[in-house]
Amino acid sequence: MAILELNNVKKSFGSGHMKVDALKETNFSAEPGELIAVIGPSGSGKSTFLTVAGGLQTPTSGAILVNNKDLADLNEKQRSKIRLKEIGFILQASNLVPFLNVDNQMKLLDNVKKDNMSKEELNALYDNLGIKELRKKYPADLSGGERQRVAIAKALYSKPSILLADEPTASLDSEKAYEVMELLKKETTQNKTTTIVVTHDTRLIEYCDKVYEMTDGVLKLKETSKKSQAIL
Amino acid sequence: MFLAWNEIKKNKLRFALIVGVLMLVSYLVFFLSGLATGLASLNREAVDKWDATAIVLTEESDKSLPQSSLTTEEADNIKDNDTATLGQLNSIARNGDAKQNIALFGIDSEEFIMPKVTEGEKFAGDNEVIASDTLKEDGFKLGDELELSSTDEKLTIVGFTDSARFNAAPVLYGDVTTFQKVKFGEGAAENETQINGIVVRGDDFSSISTSNEDLEVIEVEEFIENLPGYTEQALTLNFMIYFLFGISSVIVAIFLYVLTVQKISMFGVMKAQGISNGYLSRSVIAQTFLLAFIGVVVGFALTLISGEFLPSAVPVAFDIPTMIIYGVILIVVAILGAVFSVLTIVKIDPLKAIGG
Ligand SMILES: Nc1ncnc2c1ncn2[C@@H]1O[C@H](COP(=O)(O)OP(=O)(O)O)[C@@H](O)[C@H]1O
Ligand SMILES: [Mg+2]
C-alpha cells in the first residue's frame, strides 16, 4: 500500500504570460521501504515536487495522499502535525537551530513529539553517521559535512515514515556523499521508511530502487534498480 | 522553556543587554514610584495620622484649611460622630541657628487628633509644642525656644512625634490657646473660639452632616487632593510612570522583533519540520517573561539598595505593595511587546524560509 501518492498534481506560479508551470500534471506513488532518486537539471521543478509532496506548499490542483490522508482536506495546523509525525526533511541549506548543541537538536523534538528514537537507537545512529564525538558541539563549530550529517540524524530521529531530502549531499565531498547515501539506504530498509532524494549527482543513483527524471516540470520514471546498475 | 533557556545560555551578552535595559527602566519606574510615595507622604502624613473620615470647613474657603474660619461651637452641630477642633497656620520657626517652614496645629489634647509623643512629653501649658521629629534633622532639639516669623510669642519644644508633616511642612502641635496667641496676638482673648476646621471620625462619610449651611463636609481624601500642589505632583509623577510602561513595552517589542527577524529562517526550518506556531510563540513569550522577570527583580533590588544611600532630604519612601504591582505591570507590558514577534513567527512561510 502506497504511503505517499500524488494524483494529477499540478503546481504553477504567477499568472498570465508570467505563468510558470513548475510541476506539470504528475502522478506518483511510493511504497514503504523504497529509496527513490529524483534527478534533473536546475530549475526543472525538483524542489517544487518535493515541497508539494511534503505539504510545505499546496498544489494548484490535484490530490496528495499521505498515509491515505488527503492533505487538501487539512488546514495549515493539521498539515504541520502531519509533517511532525510522518515526514522528515533534509534540506540543502543547514536546517539546524544555531543555539542548540547536537544532543539538544534531538531533544527539541522530544519536546514536541512522542515516539522518537530510544537512547540506544540514537547512539547507533550517531555511530553510523560518525558524529558521536560531536554531541556537545554547536552548529557553528561543525564543518559543512558534519552539519549535514547532524541534519540527517535530526530527520531520522523522529522516525518519519517519509523522508524527503533535497540535495542532501550537495555540501559533501564524493566519499562522504557515498557514505550518506549508504546510510540513507540502510535506514530506509531497516525502518521501512520511504525516502525520496533529489540530487543532480547521477553517481548516487546506484543506491536507489527507482530513479525519476524531472525535465521542465514533467516527472518520468527513468530506471528501476537493476537497469540502473546495468548502465553503470 | 527549552528553546528559550538554551538560547539565552548560548547568547548571554545579547540577552544581558536586554535584561540591562529592562532593569534600568524598572529602576526608573521604582524610583519614581518611591518619589511619588515620598512626596505624597510629605504632604499628607499628618492628615493620615488623624485616621479621620472627613473635615468640616467653611463653604467659601474652597477646601483650604488656612482659608477656613469657624468657631469651636460648630462641633455641636455635627451629630453622632467623634470630632476634633483644629486651628492651623503656617510660619517660619527659628531656634537661633536653624530655621524652617512649619505648620502650627492648635488642638485639644483630649481629642483624637492628639498625636502620640515619641520623645519628651506632651504639651501641658501655653506655648509648649510637640514637634515633628523631622525637625531634629533640621537642627532642632528638645527644649528649643522657637521664634516665629509672624509674632512675638515664643514656643518651646517639649516633645517629638513621628509622621507629622502637613503640605510639606513639619507640624508643631500645641494647645488651641497657644495657636490663638500666635495667630491673634493681643486679640487672642476675643478670638478664643476661632479655629480653622473640625476633623470628624465616623463609620462612614454619608453619616456626617452639619446643620450650618455655610459649612461643608469634605471627605479626607478629597481634602488631601486639594492641598496646594498635591494633585499636580502626583499626576506628574504618575504620568512619568505610565509613560515608562509604554516605553518599556516599545523597547522590548523592538529588541525582540529585531531578534526574531534575525531568526526567521531558523523558525521557518522548525515550522517545516512541523513544530507548531503555538510551541514557538510560547517559547518567545517564556523568554520575554524570563528576561523581564530578571530585569525587574534586579531593578527592584537596586532601587532598595540605592534608597539606603540617599540623603534624607530626598523624599523617597518605598511602598512595597505598589512596587510589586508596578513590577508585575512591567512584566505584563514586556510580554505585550513580545506579541509583535509572535505575529511575525505565525506569518513566517516555512517554504520561503528554507529557500527551497
Ligand atoms: N515561489 C515561486 N515563485 C515563482 N516561481 C517559482 C517559485 N518556486 C519555484 N519557481 C519556479 O519553478 C521552477 C522550478 O523550480 P524548482 O522546483 O526550485 O527547481 P529545481 O529544484 O529543480 O532547481 C523554476 O522555474 C522556478 O523559477
Ligand atoms: Mg532545488
Side-chain angles (χ1 to χ4, degrees), chain A residues 11 13 22 45-58 75-101 103-113 138-141 151 154-155 157-158 160 162 164 166-167 198, chain B residues 1-19 255-256 258-288 290-291 341-356:
Chain A
K11 179 73 184 176
F13 297 103
K46 306 183 297 294
S47 295
T48 305
F49 165 72
L50 210 63
T51 47
V52 166
L56 277 180
Q57 53 181 336
T58 48
N75 61 28
E76 170 51 31
K77 199 171 170 180
Q78 290 162 321
R79 276 203 298 273
S80 165
K81 272 220 179 86
I82 294 269
R83 290 203 297 272
L84 188 61
K85 276 166 82 178
E86 310 276 4
I87 300 172
F89 280 101
I90 304 169
L91 306 164
Q92 187 173 355
S94 170
N95 51 1
L96 301 176
V97 181
F99 52 81
L100 296 180
N101 66 26
D103 266 345
N104 280 339
Q105 303 276 347
M106 313 298 148
K107 231 187 234 161
L108 172 62
L109 287 167
D110 289 333
N111 268 276
V112 292
K113 175 182 177 294
Y138 289 89
D141 303 325
K154 188 168 108 169
Y157 181 67
S158 62
I162 302 167
L164 304 176
D166 198 348
E167 314 207 15
V198 162
Chain B
M1 273 310 196
F2 176 79
L3 273 183
W5 184 240
N6 274 291
E7 186 179 13
I8 293 175
K9 272 199 314 200
K10 188 75 173 76
N11 300 296
K12 291 194 187 73
L13 179 66
R14 186 179 297 181
F15 288 104
L17 282 175
I18 303 179
V19 168
F255 258 110
L256 287 177
V258 169
L259 286 185
T260 306
V261 166
Q262 284 176 345
K263 291 186 290 188
I264 279 183
S265 73
M266 180 199 88
F267 282 124
V269 163
M270 288 198 262
K271 284 173 79 164
Q273 213 175 343
I275 295 178
S276 66
N277 281 324
Y279 183 83
L280 297 175
S281 306
R282 278 197 298 280
S283 167
V284 169
I285 301 281
Q287 197 169 58
T288 312
L290 265 179
L291 300 175
S341 297
V342 167
L343 293 178
T344 312
I345 291 172
V346 170
K347 272 195 236 139
I348 293 172
D349 179 357
L351 188 67
K352 284 220 185 71
I354 63 180

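Convention: sequence-line order gives letters A, B, ...; per-chain numbering from 1. Just so we're clear, the structure is a prediction, and the values are computed from it rather than from any experiment.
To the nearest 0.5 angstrom, A/N104 atom CG is 4.0 Å from B/F2 atom CZ. Atom CD1 in B/I8 sits 9.5 Å away from atom CZ in A/F99 (nearest 0.5 Å). Atom CG of residue A/L100 and atom CE of residue B/M266 lie 8.0 Å apart, to the nearest 0.5 angstrom.
Contact check for A/L108 versus B/I275: side-chain heavy atoms found under the 4.5 Å cut-off.
When heavy atoms are compared at a cutoff of 4.5 Å, B/N6 approaches chain A by way of both its backbone and its side chain. Heavy atoms closer than 4.5 Å to chain B are found in the side chain of A/V112, but not in its backbone. With a threshold of 4.5 angstrom between heavy atoms, A/K113 does not approach chain B through any atom at all. Neither the backbone nor the side chain of A/L50 comes within less than 4.5 Å of any heavy atom of chain B.
Here the closest non-hydrogen pair linking B/A272 and A/R83 is O-NE, 2.9 Å. Summarising the geometry of B/S276 relative to A/S80, their closest heavy-atom pair is CA-OG, 4.2 Å, with the distance given to 0.1 Å.
Considering A/N95, A/L84, A/L109 in turn, A/L109 is the only one that fulfils the side-chain contact (heavy atoms from CB on, under 4.5 Å) rule with B/Q273.
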